[in-house]
2 protein chains.
Amino acid sequence: MMLMNNKEKLRKAGLRPTKQRMIIANILLNGINRHFTAENLQNEINSSGNSMSIATIYNCLKKFRNCGLIKQVESSKETAIFDTNIDQHHHFLDEETGELIDIENEEINLFKLPEIPKGYMNSGVEVLIKLKRQN
Amino acid sequence: MMLMNNKEKLRKAGLRPTKQRMIIANILLNGINRHFTAENLQNEINSSGNSMSIATIYNCLKKFRNCGLIKQVESSKETAIFDTNIDQHHHFLDEETGELIDIENEEINLFKLPEIPKGYMNSGVEVLIKLKRQN
DNA sequence: AAGTAGTTTAGAACGATTTCAAAGTAAAAA
DNA sequence: TTTTTACTTTGAAATCGTTCTAAACTACTT
């Protein structure tokens, strides 16, 4: 895999390397993986002496996500969804509609689990299988 | 397991069986499992000839959730969280702080997966392991 | 250099959820 | 019982994260 600078990465993804996108790319695409929110990012931009409209940050993150430069951590939707099924179980998620379908616990077999970090205990495992409509 | 009416269920959970909680319990705790939002529930309450402040519905759902009468489907938080790690991978979630920790894909082995519903294709599997601080 | 298509922006708008403080109600105490 | 106390409900306002809008701007093409 050959080296590529951020300008090239943006172009390759079909995105114009604007000033704003370069600022964000330079913060995010440096080889060190991390989780962050739009607000986190705005704070970093600000404290690096730059500034950017929050709308631009959202635009940019959406574009980056759609191009596969970053991911968005799965949450079933922006709205809280409750479930009367209180047993441990899993879900299919229709990515298009946000609809959830239960998967019984026995339908999934987690063969190997990672070591739980020190000081913590496992308080539940949830598997989400995302579904795309077949073409 | 012996039969219990909803008033008893509420009392057993340490909740006063108020008129409003009984209306909600009668809709939700009838043995048929389902997913729903606060708004869904309000519509059902309204169309059953009752009415209830949305604030009460949220209060009530939170209490029910905290008592284990219902679950809330896991979403990492109310805020969108992005991730620079674009490979398929999984997460630990510190339930207290909302912090996410990456789990490499190889650390988890999904031995048995359920059949994908007709017309859909699997577009990604995400495992979330919830963590509680150890006492 | 001029044109055009895509981008940024501040601010308004939005939807979901929480907070507020006052009025109401269930349970406990007298 | 009645009184007291603690908990609950309420509508309205506030808040939070996010999206929309429409005008100004900028990268790329001609």
Side-chain angles (χ1 to χ4, degrees), chain A residues 5-27 35-46 50-67 69-70 72-83 97-98 100, chain B residues 5-27 35-46 50-67 69-70 72-83 97-98 100:
Chain A
N5 65 30
N6 288 331
K7 190 171 265 187
E8 287 167 337
K9 279 185 202 163
L10 291 181
R11 281 200 205 284
K12 195 170 174 209
L15 296 177
R16 283 190 187 174
T18 63
K19 184 168 156 271
Q20 290 79 355
R21 286 175 185 164
M22 284 303 294
I23 291 172
I24 291 181
N26 289 335
I27 292 175
H35 303 114
F36 62 95
T37 65
E39 204 199 348
N40 294 156
L41 186 54
Q42 189 173 44
N43 291 338
E44 287 184 60
I45 292 168
N46 289 339
N50 293 294
S51 84
M52 205 177 294
S53 164
I54 189 70
T56 305
I57 292 173
Y58 278 105
N59 286 345
C60 189
L61 289 177
K62 258 201 249 183
K63 291 272 186 187
F64 279 29
R65 190 232 297 136
N66 292 341
C67 295
L69 291 171
I70 60 174
Q72 183 167 359
V73 176
E74 204 56 58
S75 66
S76 33
K77 263 282 173 78
E78 73 287 349
T79 312
I81 297 178
F82 297 89
D83 192 341
T97 65
L100 290 171
Chain B
N5 64 31
N6 287 331
K7 189 171 264 188
E8 286 166 339
K9 279 186 201 161
L10 292 181
R11 282 201 203 283
K12 195 171 174 211
L15 296 177
R16 284 189 187 174
T18 63
K19 182 166 154 273
Q20 290 79 354
R21 286 176 185 163
M22 283 303 295
I23 290 172
I24 291 181
N26 290 334
I27 292 175
H35 304 115
F36 62 96
T37 64
E39 203 197 349
N40 292 157
L41 186 54
Q42 189 173 44
N43 290 338
E44 287 185 57
I45 291 168
N46 290 339
N50 292 294
S51 85
M52 205 176 296
S53 164
I54 190 70
T56 305
I57 293 174
Y58 277 106
N59 286 345
C60 189
L61 289 177
K62 256 201 252 184
K63 291 272 186 188
F64 278 29
R65 190 235 295 139
N66 293 342
C67 294
L69 291 171
I70 62 175
Q72 183 167 359
V73 176
E74 205 56 57
S75 65
S76 33
K77 263 284 174 79
E78 73 287 350
T79 312
I81 298 178
F82 297 89
D83 192 342
T97 65
L100 290 171

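Order of the sequence lines fixes the chain letters, A, B, ..., with proteins taken first and strands second; residue numbering starts at 1 for each chain.
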Under 4.0 Å from OP1 or OP2 of dC28(D): is there any side-chain N or O of Arg11(A) that close?
yes
Please tell me if Lys19(B) has a side-chain N or O lying less than 4.0 Å from either OP1 or OP2 of dG24(C).
no
Rounded to whole angstroms, how far apart are CG on Leu15(B) and C1' on dT25(C)?
16 Å
Tell me whether the OP1 or OP2 atom of dT25(C) has a side-chain N or O from Gln20(B) closer than 4.0 Å.
no
Where the side chain of Thr56(B) is defined as all heavy atoms beyond and including C-beta, which of dT8(C), dT26(D), dT10(D) is the nearest nucleotide?
dT10(D)
Polar contact flag, side-chain donor to acceptor under 3.5 angstrom, Thr37(A)-Asn40(A)
yes
Nearest-Å distance for atom pair CG/C1', residues Asn66(B) and dC7(D):
16 Å
Side-chain donor or acceptor of Arg21(A) paired with backbone N/O of Arg16(A) under 3.5 Å
yes
Is the NZ atom of Lys63(B) crowded by more than 12 outside heavy atoms at less than 6.0 Å?
no
Base, sugar-phosphate, or nothing: which does Thr18(A) touch, judged by heavy atoms less than 4.0 Å apart?
sugar-phosphate
Under a 4.0 Å heavy-atom criterion, the protein footprint on nucleotides 17-22 of chain C, written with B, S and -, is SBB---
Exam field: side chain Gln42(B) to backbone Met52(B), donor-acceptor pair closer than 3.5 Å
yes
Could you state the CG-P distance from Leu41(A) to dT18(D), rounded to the nearest angstrom?
12 Å
Main-chain N/O of Asn5(B) paired to Glu8(B) side chain as donor or acceptor, under 3.5 Å
yes
Does any N or O in the side chain of Asn46(A) come within less than 3.5 Å of the main-chain N or O of Asn43(A), such that one atom is a donor and the other an acceptor?
no
Please report, rounded to the nearest Å, how far the C1' atom of dG11(C) is from the CE atom of Met52(A).
18 Å
Reckon Arg21(B) has a side-chain N or O less than 4.0 Å from the OP1 or OP2 of dT8(D)?
yes
